[in-house]
There are 2 protein chains.
Amino acid sequence: MSEPAVSEVVIDRLPLYLRMLQFLEKEGKQVTSSQELAKRLGFSSAQIRKDLSYFGEFGKQGTGYNIAFLQKQLRRILHVDQMWDVALIGVGDLGHALANYQGFLEQGFRLVALFDNAPTKIGRTIGSLTVQETTELARVVRERKLEMVILAVPVEAAQKVAEQLVELGVRAILNYAPITLNVPPNVRVYYIDPVIGLQSMAYYLK
Amino acid sequence: MSEPAVSEVVIDRLPLYLRMLQFLEKEGKQVTSSQELAKRLGFSSAQIRKDLSYFGEFGKQGTGYNIAFLQKQLRRILHVDQMWDVALIGVGDLGHALANYQGFLEQGFRLVALFDNAPTKIGRTIGSLTVQETTELARVVRERKLEMVILAVPVEAAQKVAEQLVELGVRAILNYAPITLNVPPNVRVYYIDPVIGLQSMAYYLK
DNA sequence: TAGATTGTTAATCGATTAACAATC
DNA sequence: TAGATTGTTAATCGATTAACAATC
């Protein structure tokens, strides 16, 4: 019962649907519709129905979607109905903030190891985790079979570390360093760069 | 001499081109080609030439693009050939990291004001800036005519603050809160949410 | 000149939307 | 039943790419 091949733009919207469902649930709603989701998310209702239809029939004509049920389905589809262990590499200001962020755990991701190569940081504790030397990285990734890593190292180090991660079999990198990483196509990279965002918005100003 | 209407997907790639040009320049290169950029960025060379062609003719047949010149053109197109003043709202761990980030200034964005409503944070200094009460927000945004804001407040507060910003005439919001903001279409929002990234990558694992 | 690479056109490919039968 | 909303099809819209004349 494997899922069909669905385009990346569709997959990228599913987490937004999931997040909105959680939001509506907190508002006390039990049922929603493609129209409501569309209005709240700024999409068209047809797009939402079509996106969902790639994976099954989750609604009822006339009434819409049961929020709890659709959440469950989306979690299953996205593989976040399980807990993913994640390593965080680079514990500067940003890494520190990420290490303290509670939102990961609630959404299916557990930070299980922190790494940095600065002697002043190694051994320090953030939350329940102790910062380890990057020389320990290979051992930990292998032992814990980590497949996802958050990269928050300085830009000069990012490509090198990424190569090491690829070597170790890591398959998904959440990259905060402002650089396009060169990795094989079977390794996914999601880029987070505030400057890119500000620059593309600046185009529309003036 | 106003620019033509160009699709958003094109605009979103321009900052990546700019960043890669800076990178190549640091490597000591003076000239590049659509092929080289394509290979490094993972796009097709045709796409890069087409994207640039919406704005002018910046290359030379046979030789390619002068890196310094193309950078200059891209900065002009994106309106980052000037310095944009930006306010940062919310100085928790993440806001603190952003306030200390040097990358903004290098790329055309200057943080000029920090806001938070927690009494323990107000008055504290980060870099050269002092954290102000959010009651000061309206005055500062108006006085300095701020059009761009970075939002790093807790998710519960984000929509309310966004509405205030819209009211004040802010036209671009870099939003770190994990929520789809409801703002008028003339206000741009760029979303940064690590969980969304991890969830969409998780789909491809297993 | 020979080789390389641009800018652009036309074709292809893919994503979005309008519309509606099915049905709750 | 009447009203509402789904799931899906076909049409539309838009983005990407292949190919090549122009030309450095």
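In what follows, every chain begins at residue 1, and chains take the letters A, B, ... in the order their sequences are listed.
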S.K.: With a non-hydrogen cut-off below 4.0 angstrom, is B:Ser7 in contact with a base, only sugar-phosphate, or nothing?
M.R.: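 Contact class for B:Ser7: sugar-phosphate only.
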S.K.: Could B:Lys145 and B:Asp85 be called an ion pair, given the rule that one side-chain N must be under 4.0 Å from one carboxylate O?
M.R.: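 No salt bridge links B:Lys145 with B:Asp85.
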S.K.: Return the set of residues passing ring pair (Phe, Tyr, Trp, His ring centres under 6.0 Å) with B:Tyr190 (not counting sequence neighbours), or none when no residue passes.
M.R.: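 With neighbours one apart ignored, the set is empty.
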S.K.: Is any NZ, NE, NH1 or NH2 atom of the basic residue among A:Asp81 and A:Arg76 found under 4.0 Å from an Asp or Glu carboxylate oxygen of the other?
M.R.: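 Judged by the 4.0 Å cut-off on N to carboxylate O distance, A:Asp81 and A:Arg76 do not form a salt bridge.
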S.K.: When you measure from the side-chain N and O atoms of A:Ser34 to the phosphate of D:dT6, is any distance below 4.0 Å, counting only OP1 and OP2?
M.R.: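 True: A:Ser34 side-chain N/O within range (under 4.0 Å) of D:dT6 OP1/OP2.
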S.K.: For nucleotides 8-13 of chain D, list the nitrogen or oxygen atoms of the protein found under 3.5 Å from its nitrogen or oxygen atoms, one pair per line.
M.R.:
| from | atom 1 | to | atom 2 | distance (Å) |
| --- | --- | --- | --- | --- |
| D:dT8 | OP1 | A:Glu57 | OE2 | 3.4 |

S.K.: Do B:Glu133 and B:Asn117 have side-chain heavy atoms sitting under 4.5 Å apart?
M.R.: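 In short, these two side chains do not touch, never coming nearer than 4.5 Å.
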S.K.: Would you confirm whether B:Tyr176, through its side chain, and B:Gly95, through its main-chain N or O, come within 3.5 Å as a donor-acceptor pair?
M.R.: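 Looks like no, no N/O pair under 3.5 Å.
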S.K.: Using a 4.5 Å cut-off on heavy atoms from C-beta on, say whether the side chain of A:Tyr101 contacts that of B:Leu94.
M.R.: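 A side-chain contact is absent here, since even the closest heavy-atom pair is not under 4.5 Å.
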S.K.: To the nearest Å, how far apart are B:Phe55 CZ and C:dT6 P?
M.R.: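 Distance, rounded to whole Å: 18 Å.
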S.K.: Using only side-chain N and O atoms of A:Gln61, determine if any of them is under 4.0 Å from OP1 or OP2 of D:dG7.
M.R.: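 Result: no.
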S.K.: For A:Asp12 and C:dG14, what is the distance between atoms CG and C1' respectively, to the nearest whole Å?
M.R.: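 Nearest whole value for this atom pair: 15 Å.
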S.K.: Roughly how many Å is it from CG in A:Leu52 to P in C:dT16, rounded to a whole number?
M.R.: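 In whole Å, C:dT16 P and A:Leu52 CG are 14 Å from each other.
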S.K.: Measuring to OP1 and OP2 of D:dG7, would you say a side-chain N or O of A:Tyr65 lies under 4.0 angstrom away?
M.R.: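 Yes, within the criterion.
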S.K.: Atom CD of A:Gln35 to atom C1' of C:dA19: distance rounded to whole Å?
M.R.: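 Whole-Å distance recorded here is 14 Å.
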S.K.: Report yes if a side-chain nitrogen or oxygen of A:Arg13 is closer than 4.0 Å to either non-bridging phosphate oxygen (OP1 or OP2) of C:dA15; otherwise report no.
M.R.: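 Checking A:Arg13 against C:dA15: no side-chain N or O falls below 4.0 Å of OP1 or OP2.
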S.K.: Mind calculating the distance between CZ (B:Phe43) and P (D:dT17) to the nearest angstrom?
M.R.: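 Atom-to-atom, B:Phe43 to D:dT17, this comes out as 10 Å.
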S.K.: Is it true that B:Arg139 and B:Glu136 have a side-chain N and a carboxylate O under 4.0 angstrom from each other?
M.R.: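 Counted as a salt bridge, because a side-chain N and a carboxylate O are separated by less than 4.0 Å.
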S.K.: Kindly say if B:Thr63 contacts the phosphate of C:dT5, meaning a side-chain N or O under 4.0 Å from OP1 or OP2.
M.R.: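 So the side-chain polar atoms of B:Thr63 never come under 4.0 Å of the phosphate oxygens OP1 or OP2 of C:dT5.
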S.K.: Convert the base pairs of DNA chain D into dot-bracket notation, remembering that pairs crossing earlier ones are written with [ ] and that bases paired across to another strand are shown as |; include only Watson-Crick or G-U pairs under 3.5 Å.
M.R.: ..||||||||||||||||||||||
S.K.: Would you mind reading off the distance between A:Ile11 atom CD1 and C:dA15 atom C1', rounded to a whole angstrom?
M.R.: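 Roughly 14 Å, once rounded to whole Å.
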S.K.: Under 4.0 Å between a side-chain nitrogen and a carboxylate oxygen: does that hold for A:Arg13 and A:Glu8?
M.R.: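 No salt bridge links A:Arg13 with A:Glu8.
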S.K.: Classify the ring geometry between B:Tyr203 and A:Phe55 as parallel (under 30°), tilted (30 to 60°) or perpendicular (over 60°).
M.R.: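 B:Tyr203 vs A:Phe55 ring planes: perpendicular.
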S.K.: How many whole angstroms separate atom CD of B:Glu8 from atom P of C:dA15?
M.R.: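 These atoms are roughly 17 Å apart.
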S.K.: To the nearest 0.5 Å, how far apart are CD in B:Glu36 and NZ in B:Lys29?
M.R.: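 Spacing of CD (B:Glu36) from NZ (B:Lys29) equals 4.5 Å.
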S.K.: Find the distance B:Phe58:CZ to D:dT23:P and express it as a whole number of Å.
M.R.: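 Distance, rounded to whole Å: 19 Å.
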S.K.: Give a yes/no on whether any side-chain N or O of A:Gln47 is located under 4.0 angstrom from OP1 or OP2 of C:dT16.
M.R.: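 The answer is yes; a side-chain N or O of A:Gln47 sits under 4.0 Å from OP1 or OP2.
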